[in-house]
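For reference, the structure is listed below as structure tokens.
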Amino acid sequence: LDRLTAGFKKTADKVGENLTGIVKEQALDTATLDDIEEALIASDLGPEASKRIREAIAARKFEQLDERGLRTILAEEIEKILAPVAKPLDVWGFPRPHVILVIGVNGSGKTTTIGKLGHWLKEQDYGVLLAAGDTFRAAAIEQLQIWGDRIGAPVIAGKEGGDAAGIVYDGVKQATAQGIDCLIVDTAGRLQNKTHLMEELSKVRRVLGRLNPEAPHDILLVLDATTGQNALNQIEVFKESAGVTGLIMTKLDGTARGGVLVAAAEKFGMPIHAIGVGEGAGDLRPFDPRAVARAIAG
Ligand code: GDP
């Protein structure tokens with residue numbers, strides 16, 4: 001929790017800065033509410049969530065409201081937005097392996113998230129196999145292998161430029177043969193050639209579906225919080241075309257744009273499974289709406 005609060009410090013500072021001086025020694029009038037709404041938008045919470053919070057604050061009754069009180073109410077209202085989308089990842093998919101496809105644009109933190117997710121699952125005694133389905137970049141294959149070594153999980157990989165669906169097929173076969181619980185699949189994230197990317201993803205999904213109609217059980221979109229609004233655009237792009245089932249937002253440590261998590265929750269209502277608060281193996285946290293809401297509101 002401390003690491004979480006520390007990670008969100010810049011976001012909380014920004015929220016605080018934006019709220020400073022808004023609440024005066026008076027009842028909440030329209031101008032003050034306008035200022036609050038604007039401050040929330042400026043803090044990356046997005047227009048939908050900011051409006052909703054404004055209305056919730058307006059509906060409350062108080063004699064006087066100081067800044068501390070405002071932050072407390074803000075934390076409560078943010079929590080109400082986050083709680084419905086906070087869903088722990090459920091890896092009970094059957095027959096084994098439970099297959100998790102991880103997608104996202106290059107640089108979003110996809111490979112790191114796979115390593116962290118693998119570590120998190122292994123800590124719960126699940127067997128994990130990583131599949132290097134981003135065959136487009138040799139560096140991506142290498143990086144996944146480094147993560148596999150780090151967390152003690154086997155990695156199935158082919159050659160650069162190889163067939164991603166083939167790797168995934170082999171991954172399911174190996175996991176099945178060895179009784180491994182979870183197969184986590186890395187995928188290519190180049191957006192320059194989106195049609196090709198989507199075709200490749202469809203092929204991977206088809207191959208998986210032939211092996212087990214339930215697979216992939218999860219299609220997780222990894223988002224870089226530091227990109228702010230751009231992260232929201234990516235949800236828009238990927239949710240339908242790639243069949244996204246849930247989100248993981250990374251790099252929430254050290255960015256002032258953590259409010260985008262609230263914007264994503266309100267705008268899309270998609271499950272948010274976990275958040276990344278650092279580059280280490282232990283830095284993927286299950287999404288705890290209360291802790292996050294308090295960390296953002298400061
Ligand atoms: P990919 O291209 O999507 O696979 O992205 P990578 O996993 O290679 O991550 C890109 C960069 O972001 C790397 O330098 C990672 O160490 C860093 N990164 C990933 N997740 C986090 C996070 O939660 N916090 C921080 N601070 N850095 C992260």
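Everything numeric in this text was worked out from a predicted model, so none of it was measured. Quick note: numbers below take in every heavy atom, side chains included, and nothing from hydrogens, waters or symmetry partners. Read the numbers this way: they start at 1 and go in the same order the structure lists the ligands and their atoms.
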Do me a favour and list the nearest non-hydrogen protein atom to [atom] with residue, atom name and distance?
atom	answer
atom 5 (O) of ligand 1	Gly109 N, 3.1 Å
atom 14 (O) of ligand 1	Glu279 OE2, 3.6 Å
atom 11 (C) of ligand 1	Lys251 NZ, 4.0 Å
atom 7 (O) of ligand 1	Thr112 OG1, 2.5 Å
atom 2 (O) of ligand 1	Gly107 N, 2.6 Å
atom 3 (O) of ligand 1	Lys110 N, 2.8 Å

Is ligand 1 less than 4.0 angstrom away from at least one heavy atom of [X]?
X	value
Gly254	no
Gly189	no
Ser108	yes
Arg285	no

Check against side-chain hydrogen bond (donor to acceptor under 3.5 Å, both in side chains), Thr32 and Asp35
CA-CA 5 Å; Thr32 308; Asp35 288 347; 5.6 Å; no

So between Thr111, Asp283, Asp253, whose heavy atom ends up nearest atom 25 (C) of ligand 1?
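Among Thr111, Asp283, Asp253, the closest heavy atom to atom 25 (C) of ligand 1 belongs to Asp253.
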
Passing candidate, side-chain contact (heavy atoms from CB on, under 4.5 Å) with Ile81, options Leu261, Leu45, Ile53:
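It is Ile53; the other options fail the test.
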
So if I apply the side-chain contact (heavy atoms from CB on, under 4.5 Å) rule between Val185 and each of Ile219, Val99, Val102, which one comes out positive?
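Single pass found, and it is Val99.
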
We want to know whether His98 and Asp218 form a side-chain donor-acceptor pair, criterion being a heavy-atom distance below 3.5 angstrom.
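Side chains of His98 and Asp218: pair found under 3.5 Å.
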
Looking just at side-chain N and O atoms, do Thr227 and Asp224 make a donor-acceptor pair shorter than 3.5 Å?
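Absent: no donor and acceptor within the cut-off.
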
At less than 4.0 angstrom from any non-hydrogen atom of Gly276, what atoms of ligand 1 do you find?
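Counting atoms of ligand 1 from 1, those under 4.0 Å from Gly276 are 23 (O).
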
Distance under 4.0 Å to a non-hydrogen atom of Val277: what atoms of ligand 1 satisfy this?
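Answer, ordered by atom number: 23 (O).
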
Joint hydrophobic cluster, Leu129 plus Val155, side-chain heavy atoms closer than 4.5 Å:
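As far as the 4.5 Å side-chain criterion goes, Val155 and Leu129 are not connected within one cluster.
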
Donor-acceptor contact present, side-chain His273 to main-chain Lys87, <3.5 Å
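Yes, His273 side chain to Lys87 backbone: donor-acceptor pair under 3.5 Å.
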
Check whether Asp13 reaches the backbone of Lys10 with its side chain - one donor and one acceptor, N or O, closer than 3.5 Å.
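No, the answer is negative, given that no donor and acceptor are paired below the 3.5 Å cut-off.
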
For ligand 1, note which part of Met249 has a heavy atom under 4.0 Å away: side chain, backbone, both or neither.
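The answer is neither; Met249 stays 4.0 Å or more away.
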
Is ligand 1 under 4.0 Å from a heavy atom in the side chain of Val105, in the backbone, in both, or in neither?
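Near ligand 1, Val105 shows its backbone, while the atoms from C-beta on stay back.
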
Can you tell whether the side chains of Glu266 and Arg52 come within less than 4.0 Å, N to carboxylate O?
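Salt bridge present between Glu266 and Arg52.
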
Carefully, step by step, assess Arg60 and Glu76 under the rule salt bridge (Lys or Arg N to Asp or Glu O under 4.0 Å).
CA-CA 12 Å; Arg60 291 194 180 212; Glu76 287 171 18; 2.7 Å; yes

